[in-house]
Structure formats: C-alpha cells, structure tokens
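Since the structure comes first, as structure tokens, the remarks are kept for the end.
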Amino acid sequence: MNRSFNPAWGLTVVFLTACTVLQAQHVTWPHAITKAERDHVERIGFEPIASRGIETPPPFDSLRTAAEWEEIEALTISWTSFPCIQKQIVAASKEECTVIIFADDVNEVENYLTSSTCGGALDLENVDIVSAEYNSIWIRDYGANTVYGSWNDDRVLVDWMYNRPRPDDDVIPDVLGDHMGIDVYTTTAEPTDLMNTGGNWMSDGFGTAFASELILEENDGGSSWWTDFPDHSEAEIDQIIEDFHGVDTYIKMPVLPYDGIHHIDMHMKLLDERTLLVAEYPMGVADGPQINANMDYVLANYTTKWGTPFDVIRIPSPPEQGWGYPDQDGWYLTYTNSVFVNNTILLPTYYTEYDTTAIRIYEEALPGYEVVGIDCDNNGSAIISLSGAIHCITHSVGVEDPLMISHLPLPDTEDEQNDYAVDAYLSHRSGIETATLHWATDPVGDWTSVSMSATDDVGNWAAAIPAHPQGTTLYYYIEGAATSGKVGTRPMPAPDGWWSFEVIDPTVGIGEWDASPMAAAYPNPASAITSIPMELRSGTSGSLVVYNALGAQVDVLHQGHFPAGRSNYFMHANRLAAGPYLIVFKTDEGVEVFKSIEKKLK
C-alpha cells in the first residue's frame, strides 16, 4: 500500500476517527485539498465570501505583528474530529489564558470537556465556547494574526484570504473579532488582496517574518481549480505585508519537495528573536537537503534585529513507525509544530524513542517553560496523518497591552576583570516606570537585584553583573514595570526561566578539563535518534565518530569545525545492530574524549 497522502485514504482516516470518538459530530477536511473534497465542492458548490472585515490597512503608525512567544490573552480552536487531542489542549492552556472554542454544537463540547473521557472532567473556568459554523480544524491557517498599532497599542486582528475553498473557515476571524470586540482588517480587496495561511508565517515581533515561496505562487495571478489568485509581484506582496503587518523584512524560502502543504511550521519555529528551531533528517533523507540549503541561505543573507547571526537549534524529525520518512511514504512527523501558551509549550509527540529527545531539546533551549506533550500519532487520533499537528489546530490572540522585554543574551566570556553589561529594550503603551536586572550564580538560590537605567528615550535600558572568576556560571533575567502598574519578565517564566553564560578559562585545554565536553548521550540505551550533547569552551576542529565493540568505525556524526558553546549531534541508532558502541570525539590536535552507548534490542 502506498502511504503517500491520497484522497480516498485521507478522508477514510478522518471518517474513521470521527466514528471512533463518536463525540465529534463535525468531521474535518484534511489539511490538504483532496480529490474527495474537490468532488464534494464541485458537486455541492460553495459561496466564497467576497467582502469581509475592514479591507484597508490598519490606520496606525508603527504597526507591529506579535511574535508567538509573547503574552497572549486567548488561544483559539475549532472543535471537530479530534476531541481528545483538543481536550488536552484546553486542559493545558486554560491555566495560562482564556481558551476560545468555536463549536457547531455547544452542548456537545461542554459535555465532552466535563466528562471523565480523555483525562477526566475539566471545569469550564477560562473556557469560552462560541457557536459558529466552520469547515475544518486548521484554525492556524484561516485564523487572524494579532497586530499592534502605535507599536504596542491599538490591538487589531489582520486576516488574509484563505487558500482553501472553505468559506465558513475563512470568516472565523470575523466571529472572533465580534466575540472579543477587536477590529478585523483583511487583505480581501484590490489593490491589497493577498492569499496566505498562518502555517506559512513566523514573526519575530520586530519587523521580520518568514515564509515559504508558497506566498509567491498563490499571488502570481495564476489560478487553481476553485479560484483565481491575486496578481502581485514580489515587491507588491512585500508592500502589502508591510502595510498590514508592519513587516519590512520578509524572508521567503524555497518550498520543500516532500511537504505537500508547504507551510514552514512543519519544519521550523522561532523560539525567540534570535533562535530558529529547525527540523533535521538523516543525511540525504526526505526534505533534509532542502531544509539545510534554506538555512544556509537565511544565515548568509539575514540577521537578527541586533544584526547578529541567527542561532539554529536542530531537532530530529522522526520517521513514521513501520513506514519511514516522507520520501518513503511516511507521514510528515514534526516537532516544530508546537505552540507557546504563555509559560507553557504544547508539543506534538509520536513515540518514546524520539519524543524524549525532542522534549529535552525544548527544555534545554527554553528553561522554565512547562513542556506538555500531546500524542498526535496514536490512540486512534493520528491527526499527523492529515499533515498537521498542534500549531496547525490552534491560534493565539495577543494581550491588549503587551509589556515587551527584548534582550540579546550574553555569550560565554573569558573576562573575569570587567563587569558584564546587560542591555535590554522595554516598551509598554503607558511607558516603563522601572526595569530591574536579577542575577545569581545558582538559579535555585538567592537572586541579586540591580536597578537598570534608561540609556535613551526610546526604550533602551542598561545595568551590569559584577565580574566573576573563571569557572563561574551566571544566570539572569529582566523584570519591567509599566507606568500603568503592569509587571512582566523575560524570559517569561522567570525566575524559573533564565539566560545563562559562563566565565571560561581560555588556557584550559580539552584534555585538561575537569568535566568532559561531551555530555551523556540520550536516550541511552538507544533505539532511534540519539542526541550527543557537546559543550566546548572554545571552537576546534576534529571528528565525532562511532565505533562498535570490535573497534570498527560504523558512523561519522560530524567532521570539521566544532563551535564554542553548546551544540547537539545525532546518532541514528536504528541503523545499527544491538550492542555496545563507543563515541569518540577527537580533535585535530590529537585530544580524544570517549562516551559509551548501548543500542538496545527492538
């Protein structure tokens, strides 16, 4: 059986899922448009909404599109077909914000949430169930984005033309706007008509956004079987995005050959203003080569808001159990399709061998956040079979009065003589009353607080951490208080979350370190993707090689430059026979470091 997504099989999965759970009266269409849906539309017909919302750009200066890690007031979902997954989303999110559920049967949703099914009864505090009509579960794609006028004021929603023949989906932003009392601006009228989807959009909150070149393809004046696309040059697309979103740097990457929907949230995610979380495949597999080329292009041509290179954290994409990667007809399993809900991150999970690695990568990259895994592949609810996961079926609404704190984290340093300057940008519509730097040498101990000083009248503040001896690790976070009385921190979960840097001794070589630069591999014993963490005090060249018990080389994990700081390398244990292995890190200077690992029996 060919496991690439085909229309009949896709709708069968949805139908069987809906019948299995019974509670889901409304059956969703798959993420992609299938032949079955096309036949349905052509037989039944549909009436697209020609005009909706306010069809001119928001009339404010200094527009700013919120980033996904910013504080949100609400998380939205459309209730259909996967009630257990959606109930878990509600349970994890309602303690962080209001959860707005669009439902075609309000009583059905209330009964399911308060029943003992799927994790037990929930109370409905912080849950709004709104009666609405819709066509599918994929609210990320047809939902609206939060945009602020006057930089951090004048909250509005901005929505595009949806690239699916699903008219009820396309007007959900208007329902949301009416429910929350927020104006909705839409790119639905010439000359600013634009087609786009939320899964193909990532914003850094400071005027930079990412997309695949799907945005060009669906606005080039061509047509599909159901519509004529808007007709715009790339420069015109950029101008519309700037006029409606305040984005002046719009980064577009080639589409991937095995991702049929071409949405970047299936393989990358912005974790903050400087960090890209990017899917990784074994060498030469599936979309791995194109993803790597896209990242090379981004890093060579674009920088963060501070003019520094983006940091890239790689996270392994698992193969579908029993089938393989997308180029082997496997489902497009992804760990980047996660969503921030204030201090919590909702992460799609699939099976233990890969999930444990993914969760640990998130926890190491974002200390203090609660990472909640939600199974998207088992228990009769394999939503990933429809080319989407948690990010695809949720959308957020930013708070009315965001308190922004932005800071470029300090790198490791060799300096034990001079204080460590900490600069930050803070902004609130009422103004910033005070800013405070908190630092410690132990994140579970006492924190020292230092008042920050405004360095100009546009929101920049500064303070310093005193110099410390080499070998010290310093932890810190920033707190801001607005004139209105609102208080916020960055990282948001502080003091449980923090930034850190180390005061290193440059004279200490690898062979002289008290601790190995190669941390314990995980998971160990291994059966699939296994992470090999490295932390180098200075960059070096060498190789990271795997040997079996007979001393034969069986794999080269990396060869060439190893950068200073933390990085992860990955061993594909599924390719190896069961038994013990030795991982050897050897520098060009001849220093060797060893770690053992066990490949377990299946």
Side-chain angles (χ1 to χ4, degrees), residues 5-15 18 24-53 55 76-82 102 104 132-145 158-176 184 186-190 192-201 211-232 237 255 259-263 265-266 383 385-388 392-393 395:
F5 194 83
N6 66 70
W9 179 81
L11 284 180
T12 299
V13 169
V14 177
F15 178 74
Q25 188 178 68
H26 188 293
V27 179
T28 191
W29 289 109
H31 214 154
I33 298 176
T34 67
K35 181 179 183 298
E37 182 178 4
R38 176 172 176 170
D39 291 344
H40 172 85
V41 170
E42 291 179 338
R43 185 178 71 255
I44 304 301
F46 73 99
E47 296 183 10
I49 308 300
S51 177
R52 57 185 176 79
E55 297 183 314
T76 64
I77 61 176
S78 293
W79 188 272
T80 175
S81 294
F82 298 92
F102 297 110
D104 57 4
E133 296 297 325
Y134 44 89
N135 307 112
S136 75
I137 198 171
W138 314 111
I139 196 169
R140 175 65 54 175
D141 292 334
Y142 56 77
N145 295 309
V158 172
D159 187 35
W160 305 296
M161 298 166 59
Y162 186 31
N163 69 343
R164 298 286 188 271
R166 299 167 180 171
D168 290 333
D169 284 350
D170 205 16
V171 296
I172 282 293
D174 296 275
V175 180
L176 175 62
V184 180
T186 63
T187 61
T188 51
E190 296 180 353
T192 57
D193 51 334
L194 188 77
M195 182 174 288
N196 200 14
T197 59
N200 194 35
W201 175 263
S212 80
E213 291 178 352
L214 177 68
I215 184 68
L216 304 179
E217 296 173 9
E218 293 188 332
N219 291 279
D220 66 358
S223 62
S224 69
W225 61 272
W226 70 274
T227 191
D228 293 326
F229 295 146
D231 187 5
H232 297 296
I237 292 170
V255 300
D259 176 11
I261 58 173
H262 303 314
H263 294 180
D265 65 353
M266 295 296 284
I383 191 171
S385 68
L386 306 184
S387 300
C392 296
I393 63 174
H395 211 314

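It should be emphasised that the depicted structure is a prediction, and the values quoted were computed from it without experimental measurement. We use all heavy atoms of the structure for the numbers below, so side chains are in, but hydrogens, waters and symmetry mates are not. One-based numbering along the sequence shown.
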Step by step, would you call Leu216 with Ile237 a side-chain contact (heavy atoms from CB on, under 4.5 Å)? CA-CA 8 Å; Leu216 304 179; Ile237 292 170; 3.8 Å; yes

Could you walk me through whether Ile137 and Ile383 satisfy the side-chain contact (heavy atoms from CB on, under 4.5 Å) test, starting with their C-alpha distance in whole Å, then the side-chain angles of each, then the deciding distance to 0.1 Å, before giving a yes or no? CA-CA 10 Å; Ile137 198 171; Ile383 191 171; 4.1 Å; yes

Please step through side-chain contact (heavy atoms from CB on, under 4.5 Å) for the pair Trp225 and Glu42, ending with a clear verdict. CA-CA 10 Å; Trp225 61 272; Glu42 291 179 338; 3.8 Å; yes

Start with the C-alpha distance between His263 and Trp201, add both sets of side-chain angles, then the distance that settles ring-ring contact (aromatic ring centres under 6.0 Å, His included), and finish with yes or no. CA-CA 8 Å; His263 294 180; Trp201 175 263; over 10 Å; no

side-chain contact (heavy atoms from CB on, under 4.5 Å) between Trp29 and His40, worked out: CA-CA 11 Å; Trp29 289 109; His40 172 85; 3.5 Å; yes

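Here the CD1-CZ distance, from Ile393 to Arg140, works out to 10.5 Å after rounding to the nearest 0.5 Å. Put simply, CG on Asn135 and OH on Tyr162 are 8.5 Å apart, with the number rounded to the nearest 0.5 Å. The structure places OG of Ser224 at 12.5 Å from CD of Glu217, a figure rounded to the nearest 0.5 Å. For the atom pair CD of Glu213 and CG of Asp220, the computed distance is 11.5 Å after rounding to the nearest 0.5 Å. Atom CG in Asp174 sits 7.0 Å away from atom CG in Asp159 (nearest 0.5 Å). One finds the SG atom of Cys392 at 12.0 Å from the CD1 atom of Ile139 (value rounded to the nearest 0.5 Å).
A salt bridge links Arg52 to Asp170: one of the charged nitrogens lies within less than 4.0 Å of a carboxylate oxygen. A salt bridge between Asp39 and Lys35 is present, with a side-chain N of the basic residue lying under 4.0 Å from a carboxylate O of the acidic one.
Residues Leu194 and Phe229 are not in side-chain contact: their nearest non-hydrogen atoms beyond the backbone lie 4.5 Å or more apart. Annotation: side chain of Trp160 is in contact with side chain of Asn145 (closest heavy-atom distance under 4.5 Å).
The aromatic ring centroids of Phe102 and Tyr134 lie 6.0 Å or more from each other.
In this structure, a donor-acceptor pair under 3.5 Å is present between the side chains of Asn200 and Ser212.
For the pair Thr186 and Gly53, the tightest heavy-atom approach, listed with the atom from each and the gap, is CG2-CA, 4.0 Å. Counting all heavy atoms, side chain and backbone alike, Ile33 lies closest to Pro165 at CD1-CD, 3.3 Å. Annotation for Ile261 and Leu214: closest pair O-CD2, 3.6 Å, computed over non-hydrogen atoms. Residue Met161 comes nearest to Thr188 through the heavy atom pair CG-CG2, 3.9 Å, listed as atom of the first residue, atom of the second, then distance. When all heavy atoms of Ala144 and His395 are compared, the pair lying nearest together is O-CE1, 3.2 Å.
With hydrogens and angles disregarded, a donor-acceptor distance shorter than 3.5 Å links the side chain of Asn219 to the backbone of Met195. Distance alone, capped at 3.5 Å, is enough to place a donor-acceptor pair between the Asp169 side chain and the Ser136 backbone. For Ser223 (side chain) and Asp228 (main-chain N/O), no donor-acceptor pair under 3.5 Å exists by modelled atom type. Side chain of His232 to main chain of Asp193: a donor-acceptor pair is present (N/O by atom type, distance under 3.5 Å, no hydrogens or angles). Remark: side-chain polar atoms of Thr192 are paired, donor with acceptor, to backbone N or O of Ala189 under 3.5 angstrom. No donor-acceptor pair closer than 3.5 Å links the side chain of Thr28 to the backbone N or O of Thr80. Between the side chain of Asp141 and the backbone N or O of Thr197 there is no donor-acceptor pair closer than 3.5 Å.
Using the six-membered ring where Trp is involved, His31 and Trp138 have ring planes that are parallel, under 30° apart on the 30 and 60° scheme.
In summary, of the residues considered (Glu37, Glu47, Glu133), a salt bridge (Lys or Arg N to Asp or Glu O under 4.0 Å) with Arg166 occurs for Glu37 alone.
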